[in-house]
Amino acid sequence: MKKLMLGNDAVARGLYEGGLSFASSYPGTPSTEITEALAKYDDVYSEWASNEKVAAEAAFGASVAGARSFCAMKHVGLNVAADLLYTASYTGVNGGFVIAVADDPGMHSSQNEQDSRHHAIASKAMMIEPSDSAECLEFAKKALALSERFDTPIILRLSTRVSHSQSIVTVSERDVVPMKKYEKNIGKYVMMPGNAIKRHVAVEERLETIKSWAENCELNKTEINGSKTGIITSGISYQYAKEALGDGADYLKLGVINPLPENIIKEFCASHETVWVLEELDDIIETHCKKLGLEVKGKQFFSLRGEYTATEIKRVIKGETVETVTAPESAPVRPPVMCPGCPHRGVFYVLSKLKLYVSGDIGCYTLGAAAPLSAIDTTICMGASVSMLHGFNVANKNAGVAAKSVAVIGDSTFIHSGITGLIDIAYNRSNSTVIILDNSITGMTGHQQNPTTGKTIKGDPTAAVSLEALVKAIGIELVSIVDPFDVKTLEAKVKEYTSLDAPSVIICRRPCALLKYVKPSAPVTINSEKCVNCGMCLKAGCPAIVKKDGKMQINPVLCTGCGLCEKICAVGAIVKEAK
Amino acid sequence: MGNIMIVGVGGQGTLLASRVLGNVFLASGYDVKVSEVHGMSQRGGSVVTYVKYGKEVYSPIIEKGGADIILAFEKLEALRYCEYLKKGGRLIVNTQEIDPMPVITGAAKYPEDIVKKLEALGISVTALDALSLANEAGNAKAINVVLLGVGAKSSEIAKEKWIEALKATVPEKLLDINLKAFELGYNY
């Protein structure tokens with residue numbers, strides 16, 4: 001049956017058809033929908049894990065037990081899970097073990113645009129890369145069996161445009177794959193030096209075996225149209241190349257990215273006058289070609305940054321440009337903002353007002369760095385807000401520098417890797433105040449449950465982590481729970497805790513305004529007779545408050561009646577609309 | 001072959017509109033690709049989705065000078081993406097204004113006379129107050145389906161196919177409102 005399917009949904013479908021039985025992931029754009037789609041198949045066990053390392057380890061445990069297993073993550077998630085990957089590559093698998101990693105060239109929703117292919121090369125695990133939804137399904141399905149055949153973890157590399165584009169797939173029935181038997185094998189699975197030394201030999205042999213197989217496998221395709229120009233490419237870049245050059249070039253489309261084949265590349269180069277390598281981000285395939293002594297063109301003409309486009313390929317290779325109209329003027333930028341009614345806004349209003357150093361983290365609340373709030377000082381990686389605050393504070397204290405500071409971290413990010421940093425703070429007694437922004441959901445990635453919400457991936461009730469009990473248990477004595485819209489209490493609490501020489505935690509608790517059970521109140525309005533046009537309300541950075549013709553106005557369509565601006569207004573000009 | 005771009009502000013329902021379009025073209029026997037935006041830009045940022053159909057579609061992306069039609073859910077977004085239209089392309093624009101943060105804070109001004117300026121470029125512009133029509137249909141969020149209705153009227157695809165795709169894509173409890181919104185757009 002033919003269906004229009006998102007790349008991520010097609011990966012899930014392929015895994016399902018390939019007999020997957022266990023999936024554990026941590027959400028991360030652009031990979032999240034894979035596991036959400038898997039959760040809809042009753043034949044597959046699925047879960048959200050507390051972070052990518054835990055997810056990969058859980059999935060690998062299932063593989064050792066003999067089950068076909070899987071985990072998905074965004075590119076930076078693989079940094080977290082890398083510890084497992086690099087050594088699971090030595091042990092090999094029992095049941096097929098596949099890790100999907102979604103890169104984000106162009107950084108649509110990420111903090112960097114690292115190229116995950118380096119992880120495959122460094123870990124010596126096999127990597128394959130599809131270029132549309134049909135291939136997502138095909139590659140994911142084959143990956144489970146290939147993992148068992150070659151005794152290797154397989155990384156399925158995706159990118160934003162492959163993950164988040166819908167194209168046509170043909171679905172089929174699920175293969176019935178019985179669980180493999182587990183047999184104790186200390187030499188294979190216990191990676192102490194004596195065993196690991198032997199396994200490394202097996203890993204290098206495995207790469208050679210896969211390489212010979214890749215010379216003649218169905219995942220690498222040659223397309224001959226009789227052109228003197230050859231294109232070596234993979235993933236989404238293949239689609240851009242086809243769009244730009246059509247039948248006017250020959251193609252070697254590589255589906256196996258690690259290890260890269262040698263003979264088919266040499267033959268392809270030998271039979272073409274000019275060969276271009278088209279690959280987004282780093283020059284992995286190009287470097288491989290050059291190591292083989294082949295003359296190819298690539299990054300000298302194309303960028304190491306961002307996404308490729310068909311227009312750019314056409315311009316560079318064919319010298320053709322596209323006719324366009326010219327915009328009459330430039331449009332003011334429209335950066336993402338915290339939603340109207342977002343509970344984070346109250347916190348950042350207070351932090352911005354108090355002019356504190358704010359150690360930030362990854363989530364919707366990273367938007368607290370955007371104007372006019374501009375409250376956040378740093379955002380690096382998951383959990384770093386907490387541990388970096390500790391280092392920042394200890395260094396300042398030792399140098400005699402007075403600096404008032406806090407860390408902000410969401411509930412899900414705190415569970416992911418904030419808790420370990422907080423244990424460091426408690427253990428080493430730094431004068432650090434951590435604000436946990438508990439909005440009862442994993443927000444930015446589109447509302448996934450997490451260990452604090454009391455619900456599983458399928459929405460079933462389960463144990464919920466009590467953040468207040470948890471932080472007390474690790475040795476934080478100063479713990480308060482505050483409603484982030486109660487800005488007065490919050491401001492007083494932040495002032496109190498940051499003036500003490502002791503570790504402390506403020507839990508700002510209010511559910512995300514976009515959750516279905518959070519019903520908006522009647523919108524507020526501005527009493528123009530009372531309003532003195534001071535502009536205080538604009539400092540909240542709420543998209544529902546605008547200055548039109550020199551006067552403040554509330555947009556009643558956007559306003560959720562959260563009442564934050566009502567509390568900020570010093571002259572009482574903002575009031576709830578009478579219904 | 002056809003390239004349709006849907007541009008708007010995160011939260012306006014561009015994703016649903018692109019999925020309806022995708023299903024219409026799939027049901028009409030075309031190869032289809034629909035590219036979506038997830039993640040941070042969904043939070044009130046400028047969002048764009050692409051729908052491409054034809055005998056064979058490769059890139060899921062529409063680039064400058066490549067769109068036959070742009071459905072703009074907001075006027076400023078029409079201006080932002082106008083260079084993506086082909087020469088002689090068509091723009092269907094909701095005249096609603098949603099101020100971006102630089103306009104709210106006073107760092108920038110919302111451009112004036114956008115529709116007139118775009119018409120002056122030789123673009124065929126259909127400008128309408130889709131928000132009022134959506135409200136008339138029963139829900140302000142239905143502007144996406146109002147605009148689809150306007151586009152459907154001039155497409156080569158039969159009205160029934162559009163309604164089937166709507167039924168297949170929209171949650172059942174919102175179907176009546178959306179069917180009404182579609183009619184209001186179709187008969188605009």
Side-chain angles (χ1 to χ4, degrees), chain A residues 2-4 6 29-30 32-33 108-110 132 161 164-168 236 238-244 246 307 309-311 322-340 364 366-367 370-372 444-446 538 541-543 545-548 555 557-558, chain B residues 9-11 18-19 22-23 25-26 31-46 50 57-61 63-66 76-77 79-87 89 98-111 114 117-118 120-123 131 140:
Chain A
K2 275 190 173 183
K3 274 186 165 181
L4 201 52
L6 202 63
T29 313
T32 313
E33 299 81 10
H108 296 272
S109 200
S110 301
D132 61 13
R161 299 301 187 181
H164 286 166
S165 294
Q166 295 191 50
S167 55
I168 298 172
I236 193 66
Y238 166 74
Q239 304 293 352
Y240 298 146
K242 283 288 281 189
E243 180 92 18
E307 299 183 286
T309 62
T311 305
V322 181
E323 225 188 323
T324 61
V325 295
T326 306
E329 61 186 291
S330 68
V333 294
R334 188 188 299 278
V337 287
M338 280 185 252
C339 307
C364 286
T366 310
L367 295 170
M444 178 63 84
T445 44
L538 291 179
C542 177
I545 310 174
V546 291
K547 194 171 184 174
K548 274 264 154 83
N555 179 339
V557 179
L558 292 178
Chain B
V9 179
S18 65
R19 288 185 171 181
N23 283 329
F25 297 127
L26 177 71
D31 187 20
V32 187
K33 282 191 178 164
V34 179
S35 183
E36 308 182 343
V37 177
H38 298 248
M40 188 173 254
S41 345
Q42 281 183 300
R43 302 284 171 256
S46 169
Y50 311 97
V57 179
Y58 296 107
S59 164
I61 307 303
E63 296 167 26
K64 281 188 182 171
L76 182 61
E77 297 312 309
L79 172 65
R80 188 184 319 284
Y81 290 103
C82 68
E83 293 184 353
Y84 283 74
L85 274 175
K86 278 181 190 163
K87 282 242 153 131
I98 301 174
D99 289 344
M101 202 42 76
V103 171
I104 291 174
T105 59
K109 272 191 100 172
Y110 197 102
I114 290 175
K117 286 174 187 165
L118 293 179
L121 294 178
I123 296 170
L131 180 60

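Within every chain, numbering begins at 1; the chains are lettered A, B, ... in the order of the sequence lines, protein sequences first and strands thereafter. Quantities reported herein were computed from a predicted structural model and do not represent experimental measurements.
Only the side chain of B:Y50 comes within contact range of chain A, with heavy atoms under 4.5 Å apart. Using a 4.5 Å cut-off between heavy atoms, B:I114 makes no contact with chain A at all. Only the side chain of B:V103 comes within contact range of chain A, with heavy atoms under 4.5 Å apart.
Under the rule for a side chain to side chain contact (heavy atoms under 4.5 Å, CB included), the partners of A:P335 that lie at least two apart in sequence or sit in another chain are A:V333, B:P102.
The two atoms that bring A:P328 and B:K117 nearest to each other are CG-CB, 3.8 Å, heavy atoms only. The shortest heavy-atom contact between B:V34 and A:L4 is CG2-CD2, 4.2 Å. Heavy-atom minimum distance, B:M101 versus A:P372: SD-CD, 3.9 Å. The nearest pair of heavy atoms linking A:T324 to B:K64 is CG2-C, 3.6 Å. Nearest heavy-atom pair across A:I168 and B:L26 is CD1-CD1, 3.5 Å.
Panel note: side chain B:E83, backbone A:A327; a donor-acceptor pair is recorded below 3.5 Å. Under a 3.5 Å cut-off, the side chain of A:R334 and the backbone N or O of B:L76 do not form any donor-acceptor pair. At distances below 3.5 Å, at least one donor-acceptor pair connects side-chain atoms of B:E63 with backbone N or O atoms of A:A310.
The pair A:K548-B:D99 meets the salt-bridge criterion, since a charged nitrogen lies less than 4.0 angstrom from a carboxylate oxygen.
Using a 4.5 Å heavy-atom threshold, the side chains of A:E329 and B:L79 count as touching.
Chain A forms more heavy-atom pairs under 4.5 Å with one residue of B:D31, B:L121, B:I123, B:L118 than with any other, namely B:L121. For chain B, the option among A:K2, A:K3, A:E307, A:E323 with the highest count of heavy-atom pairs below 4.5 Å is A:E323.
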